[in-house]
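Structure, as C-alpha cells:
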Amino acid sequence: MAIAEGRSEERRTSGRISGGSARIGDSVFGGLTRVFAGVVVVAAAGLFVSLVVQAWPALRKIGLSVLGGATWDPNRAVFGALSFIYGTFVTSLLALLLAGVIGVMIAVFLSELAPPAVSRPVGFLVEMLAAVPSIIFGLWGVFVLIPLMTPVATWLNAHLGFIPIFGGTPSSGPSMLNAVIILAIMILPTIAAISRDVMRAVPGSQREGMLALGATQWEVVRRVVIPYARAGIIGAVILGLGRAIGETMAVTMVIGNDPHIHASLLSSGYSIAAVLASEAGEAFGTPLWIGALFELGLLLFLISVLLNALARLLVWSVNRHARTA
Amino acid sequence: MQAEEITGVVSRSGVQPRYGLVQVRARTARVAPAPRARSGESLYQPATGVFRRRKVVDAVMRNVALLCAIVAVAPLLAIAVYVAVQGVTSLNPGFFTHAQSEVDLFGNAQGIGNTIVGTLLIVLVSCAVGLPIGLFSGIYLAEYGRGRFANAVRFLADVMAGLPSIVAGLVGFAVVVVFFGVGFSALAAGFALGLLMFPVVTRSTEEVLRLVPHSIREGGLALGIPRWRVVVSIVVPAAANGIVTSMLLGIARVTGETAPLLFTSFDNTHWEWNPLHAVGALTVTIYNYTSNQPDPRLNQMAYAGALVLVAVVVTLNLTARLLVRRRVRT
C-alpha cells in the first residue's frame with residue numbers, strides 16, 4: 001500500500017516519503033487551498049477597488065467636499081454629508097458609553113461573581129442574543145420603543161429643555177435618543193461576550209494571590225482582572241463601536257431619516273448607514289448621486305477596517321500574554 | 001505548605017500591608033482545613049473602620065453587576081417574547097403558500113411565501129460563494145499556515161469579519177448589478193452575503209482544525225499517507241462537527257441580513273425561482289411592512305415573518321452549539 005510505495009520510491013522530498021502520485025496530490029491540494037486563501041486577499045483588495053471605482057464620478061467632481069457640506073439635496077446635486085456623519089458619530093458614541101459600562105459589568109458578573117449554575121445559562125443567553133438579526137430590533141423599536149419613549153421625550157423636553165440635548169421641539173416619535181437606546185441594546189451582547197472571554201483568560205494565580213492577601217471580590221476585579229484584561233476590554237469596546245457605526249436597519253427605522261443637524265437628542269436625525277440604505281436603490285442611474293453615496297460607503301469601510309484592525313490587535317495581545325503567562 | 005511558612009513568606013517578601021491587612025498566624029503545626037471566611041472578612045479582626053468600608057463597597061459593586069446583568073438580559077428576552085407572541089397569532093398555512101402578489105378579493109396580501117423562496121435562493125447563492133472560500137482558506141491557514149502570506153490572509157479575514165453589511169451590499173451592487181450588468185438579482189444579493197459569510201467560516205474552521213491533536217496527523221504521516229490525504233481523510237473528518245458548526249453560524253449570520261438586500265435583490269411580489277431576477281426576501285418584507293406602514297394587517301404579517309426569521313436563526317445557532325457540545329462530551 002502506501003508503505004510499499006514508500007519503500008520502492010527512494011526519494012525523500014523535504015522529509016516526506018512519498019510516491020509520485022502522492023506528490024501530485026500534495027501539490028494539487030496545497031495549490032487549491034492556496035488559491036482560495038489568495039481569493040481572500042483578492043476579495044479584500046477588490047472590495048476596496050470596487051468602492052473607489054463607483055465613487056469615482058463624485059470623487060473627481062466634488063471630491064472631499066462631500067464630507068464638509070451640511071446640505072444633502074440629490075435633486076439639486078448638492079451633496080453634503082455632515083449631518084449623516086454627525087448622526088453616526090453622536091449615536092454611536094453615546095450608545096458605546098451606555099453599552100460599554102453595562103457590558104463590562106455584565107462580563108465581570110459572568111466571569112467573576114456568578115456561580116457556574118447562573119453564569120452558564122446567562123452567558124449562553126447573551127451569546128444567543130448577539131445572533132438576533134437587527135431587523136428584529138428595528139421591529140421592536142418601531143412598535144414598542146417609540147411609543148414607550150414618546151411620553152418620556154415630552155417629559156424631558158418640558159422639564160429639562162434648557163439643556164441643549166433635551167431642547168428644541170421633540171419629534172413625533174423617531175429620534176436620535178431612540179437610536180442611541182437601540183444601538184446600545186444591540187452592541188451590549190458583543191461587548192459583554194468578548195470582555196467575558198478576555199477576563200476568563202486572566203490566570204487564576206493572579207486572582208488567588210489577591211484573595212490570599214485578603215482582598216474582597218470586587219477588589220480582585222478592580223485591581224487585578226480589569227487591569228490585566230484592559231487591552232482586551234478596550235478591544236471589545238472598539239468592536240462594539242465598529243458594529244454600532246455600521247448598524248443600518250435598526251437605526252434607520254427609529255431615527256427619523258432627517259438630513260439636518262439638530263443639537264437635541266429628542267429630534268430626528270440621520271446616519272451614514274441609514275442614508276445608504278434609503279437612497280441607494282433610488283440612486284441607480286445617476287452617477288453623481290451614486291458616486292456620493294459610494295464615497296460615504298468608502299468612508300464607512302475605512303473606519304470599520306481601522307477599528308477592526310485595532311480591536312483585533314488588542315484582543316490578540318491579551319490572549320497571547322495569557323497563554324505565555 | 002505549613003501555615004507558619006505562609007506567614008513567613010509574607011513577612012519576608014516585604015509586601016506592605018495596605019488597609020490594615022492582618023496576617024494569618026498559625027495556631028497548630030499541622031495544616032488544618034482553613035476556616036471559611038466571606039471575602040473581605042477577616043476572622044481575626046472585627047469589621048470596623050476601613051474593613052467595613054471595603055465590605056460595603058464590595059457588596060454594592062457585586063449587586064450593581066447583578067443588576068446590570070438583569071437590566072441587559074431582561075429587555076432582550078422581552079423583545080424575543082414580544083415578537084413570538086405577536087407573530088404566532090398571524091401564522092397560518094396560507095402565510096407560506098401565497099405570494100404577496102396573490103391578493104384576495106379585497107386587495108389584501110394573504111401570504112409572503114414568495115419571500116421565503118427568495119430568501120432561500122439568496123442564502124443558497126451566498127453559500128455557494130462563501131462556504132468553499134471559507135472552508136478551503138481555513139484549511140490552508142490551519143495546515144499550511146506559516147509565514148507572511150498566511151498572516152496577511154488571517155489578518156484580512158479578521159478585518160473583513162467586521163465589515164458592515166451595508167458596505168458588502170454596496171460591493172455586491174458595484175460588482176454584480178453594475179459591472180457585470182446582471183441587474184437587481186438574487187445573484188447580487190448572494191454575492192454580497194457571501195462576502196459577509198466567508199470570514200466567519202474561515203476563522204472558525206481554522207480554529208477547529210487547530211484543535212485536532214497533532215498525534216493524529218503524525219500517525220497518518222508515519223503510515224506513509226501523503227500529506228494531502230492526511231488532511232482530507234483524517235484531519236477534516238475529525239473536526240467535522242466543528243466545521244459544520246462554523247458553516248451553520250455563517251449561514252445564520254447571513255439569513256438575518258436586510259440592508260445589503262435593499263439594493264441588490266431589490267424586491268419582487270411574485271413567485272420567482274430565477275436567481276438572475278430580482279426576488280423578494282423575508283427580511284426586506286419585514287422592513288417594508290413595518291416602516292411607514294400604517295396598515296395593521298401588514299404589520300401583523302411583519303410580526304409573523306419576524307417570528308419565522310427568529311425561529312430559523314435560533315435553530316441554526318442552537319444546532320451549531322449542540323454539535324460542538326456533543327463532540328466535547330465524547
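Reminder, nothing fancy here: chain letters follow the sequence lines and each chain counts from 1.
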Could you please spell out the steps behind the side-chain contact (heavy atoms from CB on, under 4.5 Å) verdict for Glu219(A) and Asp58(B)? CA-CA 7 Å; Glu219(A) 282 168 356; Asp58(B) 178 53; over 6 Å; no
Test log, rule side-chain contact (heavy atoms from CB on, under 4.5 Å), inputs Phe29(A) and Ile139(B): CA-CA 10 Å; Phe29(A) 187 72; Ile139(B) 292 178; 4.1 Å; yes
Steps toward side-chain contact (heavy atoms from CB on, under 4.5 Å) verdict (Met249(A), Ile166(B)): CA-CA 9 Å; Met249(A) 294 321 295; Ile166(B) 187 102; over 6 Å; no
Worked verdict on Phe136(B) versus Val35(A) for side-chain contact (heavy atoms from CB on, under 4.5 Å): CA-CA 9 Å; Phe136(B) 284 105; Val35(A) 160; over 6 Å; no
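Other residues, nucleotides and ligands contribute more than 12 heavy atoms inside 6.0 Å of the CZ atom of Phe124(A). No more than 12 heavy atoms of other residues, nucleotides or ligands lie within 6.0 Å of CZ in Arg229(B), so this atom counts as exposed by the packing criterion.
Ranked by non-hydrogen atom pairs under 4.5 Å with chain B, the options Gly297(A), Ala311(A), Ala277(A) are led by Ala277(A). Contact count versus chain A (heavy atoms, under 4.5 Å) is highest, among Leu195(B), Asp158(B), Leu262(B), Asn317(B), for Asp158(B). Of the listed residues (Ser165(B), Ala252(B), Ala168(B), Pro132(B)), the greatest number of heavy-atom pairs within a distance under 4.5 Å of chain A belongs to Pro132(B). Between chain B and the options Ile303(A), Val101(A), Leu129(A), heavy-atom pairs under 4.5 Å are most frequent for Leu129(A). Contact count against chain B (heavy-atom pairs under 4.5 Å) is highest for Leu139(A) among Val39(A), Val108(A), Leu139(A). The candidate with the highest count of non-hydrogen atom pairs below 4.5 Å against chain A, out of Phe184(B), Phe173(B), Phe266(B), is Phe173(B). Of the listed residues (Met128(A), Arg243(A), Glu282(A), Glu247(A)), the one with the most heavy-atom contacts under 4.5 Å to chain B is Met128(A).
Proximity of Thr216(A) to Lys55(B): side-chain heavy atoms (C-beta onward) are nowhere separated by under 4.5 Å. Using a 4.5 Å cut-off on side-chain heavy atoms (C-beta onward), Leu170(B) and Gln54(A) make no contact. The shortest distance between side-chain heavy atoms of Thr33(A) and Glu143(B) does not fall below 4.5 Å. For the pair Leu66(B)/Leu113(A), no side-chain contact is recorded, criterion being any heavy-atom separation below 4.5 Å from C-beta on. Looking only at side-chain heavy atoms (C-beta outward), Arg222(A) and Met61(B) stay at 4.5 Å or farther from each other. Taking the side chain as every heavy atom from C-beta outward, Phe149(B) and Val41(A) approach each other to under 4.5 Å.
Val83(B) touches chain A through its side chain: at least one heavy atom from C-beta onward sits under 4.5 Å away, while N, CA, C and O do not. Interface residue Ser50(A): backbone and side-chain heavy atoms are both found under 4.5 Å from chain B. Interface remark: Pro260(B) contributes no atoms to any contact with chain A (heavy atom separation under 4.5 Å). For Ala152(B), no part sits under 4.5 Å from any heavy atom of chain A, backbone or side chain. In this structure, chain A has a heavy atom under 4.5 Å from the side chain of Val178(B), while its backbone stays farther away. Ala69(B) touches chain A through backbone and side chain together, each having a heavy atom under 4.5 Å away. Heavy atoms of Pro174(A) lying under 4.5 Å from chain B are absent altogether. Contact annotation for Leu51(A): only side-chain heavy atoms (C-beta onward) come within less than 4.5 Å of a heavy atom of chain B. Only the side chain of Ile290(A) comes within less than 4.5 Å of a heavy atom of chain B; its backbone N, CA, C and O stay farther away.
Partners of Pro133(A) according to the side chain to side chain contact (heavy atoms under 4.5 Å, CB included) rule, which considers only residues two or more places apart in sequence or in another chain, are Ile135(A), Ile136(A), Leu309(B), Val313(B).
Cation-pi geometry between Arg34(A) and Tyr144(B) is met: under 6.0 angstrom from the ring centre, within 45 degrees of the axis.
When all heavy atoms are compared, the tightest approach of Gly246(A) to Pro164(B) is CA-CB, 3.8 Å. Here the closest heavy-atom approach between residue Tyr140(B) and residue Ala37(A) is recorded as CD2-CB, 3.5 Å. Of all heavy-atom pairs spanning Ala72(B) and Ile106(A), the tightest one is CB-CD1, 3.1 Å. For the residue pair Ala161(B) and Arg312(A), the shortest heavy atom distance occurs at CB-NH2, 4.4 Å.
Under the side-chain contact (heavy atoms from CB on, under 4.5 Å) test applied with Met160(B), the options Leu47(A), Val305(A), Asn308(A) reduce to a single match, Leu47(A).
The CG atom of Leu293(A) sits 9.0 Å away from the CZ atom of Phe263(B) when rounded to the nearest 0.5 Å. For the atom pair CD1 (Ile70(B)) and CZ (Phe109(A)), the distance works out to 7.5 Å, reported to the nearest 0.5 Å. Of the inter-residue distances, the one linking Asn63(B) atom CG with Trp218(A) atom CH2 reads 12.0 Å to the nearest 0.5 angstrom.
In this structure, Tyr303(B) has its ring center closer than 6.0 angstrom to the ring center of Phe143(A).
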